[in-house]
Amino acid sequence: SRAHRPLVTKVDGDSMRIRSLLLGAAATLVGASAANAYERNGWYIGLEGGWNMIEDTNAVAVFDPDVGLNTTTTGDIVFSDGWAAIATVGHHFGRNWRWEVEVGYRSNDFDLTTGQVTEWSGMLNVLYDIPLTNSFALSLGLGAGADNMEVEGGEGFQDREWNFAYQGIAGLTWAVSDRFDLFANYRYFRVSEPEFESRVVGPNGLLTIEMDDVVKHTAT
């Protein structure tokens with residue numbers, strides 16, 4: 001073995017160079033594997049269901065009675081937790097980017113008074129998927145569109161209005177198979193200053209409700 005020591009020492013430099021080449025190749029393979037982790041292409045459809053919460057919303061109510069003077073009331077409208085159902089059709093177009101068209105339905109009751117808020121929304125979203133492993137990805141996105149909100153309250157109040165809406169989206173996706181994903185999403189959904197108007201009874205008159213932006217948190 002002593003006779004081989006100089007040979008081992010002489011080859012040691014070459015061994016280090018070979019080791020460096022191997023480590024570089026391994027790093028390249030790992031990088032390529034990470035780049036190909038959770039890769040999706042083509043069209044997809046999605047279905048979601050879950051919880052919907054509306055933040056307390058400041059509003060101004062103006063009552064114009066058939067007889068008498070107008071009265072103005074200002075305060076917060078408080079909502080109970082409700083539910084949401086959302087359907088999407090989208091397309092992955094490479095480099096982890098995708099776009100989708102979203103149709104949503106949400107339903108909440110008023111917390112302190114009798115009444116209900118229901119709404120349909122149509123949004124166009126752009127999202128970016130960040131691969132975490134071969135099976136998991138973090139998704140971040142933005143969307144804009146329109147929200148059709150209907151308010152039903154006491155004394156016969158009922159009105160439906162379209163308003164501009166926008167949202168931020170964050171989600172975690174698990175690729176169960178090549179063609180099937182399970183995911184959990186959170187949406188920060190904001191409707192721009194809706195206004196409603198309806199005739200009411202007892203006393204008879206016209207009631208107008210002007211709200212600040214309505215903020216909703218949806219987890220599906």
Side-chain angles (χ1 to χ4, degrees), residues 35-55 57 77 79-109 116-152 158-196 211-220:
N36 293 327
Y38 187 78
E39 184 174 338
R40 289 288 192 253
N41 291 291
W43 292 95
Y44 66 89
I45 59 172
L47 295 174
E48 307 173 44
W51 166 84
N52 186 63
M53 187 270 277
I54 305 178
E55 292 185 4
T57 305
I77 300 176
F79 303 89
S80 299
D81 290 356
W83 59 275
I86 297 171
T88 55
V89 177
H91 189 270
H92 293 269
F93 53 91
R95 296 186 180 275
N96 303 109
W97 287 98
R98 58 189 168 98
W99 64 268
E100 64 183 22
V101 175
E102 169 190 310
V103 175
Y105 180 84
R106 294 170 171 84
S107 178
N108 293 78
D109 293 331
Q116 186 180 37
V117 176
T118 57
E119 61 187 299
W120 288 94
S121 60
M123 309 293 287
L124 178 62
N125 303 322
V126 176
L127 301 102
Y128 184 76
D129 297 321
I130 304 171
L132 302 178
T133 69
N134 288 333
S135 299
F136 287 92
L138 174 66
S139 300
L140 300 174
L142 296 172
D147 180 83
N148 183 244
M149 184 185 300
E150 182 179 31
V151 173
E152 297 180 78
Q158 183 176 12
D159 192 22
R160 179 180 287 276
E161 295 290 337
W162 284 99
N163 294 277
F164 173 72
Y166 58 96
Q167 65 181 354
I169 307 170
L172 184 65
T173 301
W174 173 34
V176 179
S177 69
D178 289 342
R179 294 186 176 272
F180 186 73
D181 293 344
L182 291 177
F183 56 89
N185 277 340
Y186 163 77
R187 288 173 171 82
Y188 174 88
F189 190 87
R190 194 176 189 104
V191 182
S192 179
E193 298 183 346
E195 180 178 335
F196 304 95
M211 298 183 183
D212 290 344
D213 285 3
V214 179
V215 177
K216 306 168 188 188
H217 303 275
T218 307
T220 57

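FYI, side chains are in, hydrogens and waters are out, and symmetry mates aren't considered; it's all heavy atoms of this structure. The first residue in the sequence is number 1, and the count goes up from there.
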- Message: Looking at Ile45, I'd like to know if its CD1 atom is crowded, meaning that more than 12 non-hydrogen atoms belonging to other residues, nucleotides or ligands lie closer than 6.0 Å.
- Response: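 Atom CD1 in Ile45 is not packed in, count stays at 12 or less.
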
- Query: Would the number of heavy atoms belonging to other residues, nucleotides or ligands and lying under 6.0 Å from CH2 of Trp174 be above 12?
  - Reply: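 No - once you tally the heavy atoms of other residues, nucleotides and ligands closer than 6.0 Å, there are 12 at most.
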
- Between Asp109 (side chain) and Gln116 (backbone), is there a donor-acceptor pair under 3.5 Å?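 Side chain of Asp109 to backbone of Gln116, a donor-acceptor pair under 3.5 Å: no, none is there.
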
- Hey, is the main chain of Asn52 close enough, under 3.5 Å, to the side chain of Asn108 for a donor-acceptor pair?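 Present.
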
Closest non-hydrogen atom pair between [X] and [Y], with its separation:
X	Y	result
Leu138	Gly171	CD1-O, 3.3 Å
Phe164	Gly145	CD1-O, 3.4 Å
Thr173	Phe183	OG1-CB, 3.7 Å
Gly90	Trp43	O-CE3, 3.1 Å
Ala170	Leu140	CB-CD2, 4.0 Å

Pairwise side-chain contact, [X] with [Y], heavy-atom cut-off 4.5 Å (strictly under):
X	Y	result
Asp159	Glu195	no
Tyr128	Asn96	yes
Met123	Gln167	yes
Glu161	Asp147	no
Glu150	Trp120	no
Met149	Val117	yes
Asp181	Arg40	yes
Leu142	Asn125	no

- Message: Which residue is it: Arg106, Glu48, Arg187? I am looking for the one with a side-chain hydrogen bond (donor to acceptor under 3.5 Å, both in side chains) to Thr218.
- Response: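 When side-chain hydrogen bond (donor to acceptor under 3.5 Å, both in side chains) is applied between Thr218 and each of Arg106, Glu48, Arg187, only Arg106 qualifies.
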
From [X] [atom1] over to [Y] [atom2], what is the distance, rounded to the nearest 0.5 angstrom?
X	Y	atom1	atom2	answer
Tyr105	Thr118	OH	OG1	4.5 Å
Asn185	Leu127	CG	CG	8.0 Å
Asn148	Arg160	CG	CZ	4.5 Å
Trp83	Thr220	CH2	OG1	13.0 Å
Ile54	Asp81	CD1	CG	9.5 Å
Tyr188	Glu55	OH	CD	6.0 Å

- Item | Aromatic ring proximity Phe189/His217, centre distance under 6.0 Å |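 Aromatic pair excluded; centres sit 6.0 Å or further apart.
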
- For the residue pair Thr57 and Asp212, confirm or rule out a side-chain donor-acceptor distance under 3.5 Å.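 The answer is no; no qualifying pair exists.
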
- Query: Taking atom types as modelled, is there a side-chain donor on Ser121 or Glu102 under 3.5 Å from an acceptor on the other?
  - Reply: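 On atom types as modelled, these side chains do not qualify, holding no pair under 3.5 Å.
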
- Message: Go through it in stages, so that I can follow the logic: the residues are Leu172 and Leu132, the test is side chain to side chain contact (heavy atoms under 4.5 Å, CB included), and I'd like the CA-CA distance, side-chain angles, deciding distance and then a yes or no.
- Response: CA-CA 10 Å; Leu172 184 65; Leu132 302 178; 3.9 Å; yes

- Residue pair His92, Asp129: steps toward the side chain to side chain contact (heavy atoms under 4.5 Å, CB included) verdict: CA-CA 10 Å; His92 293 269; Asp129 297 321; 3.5 Å; yes

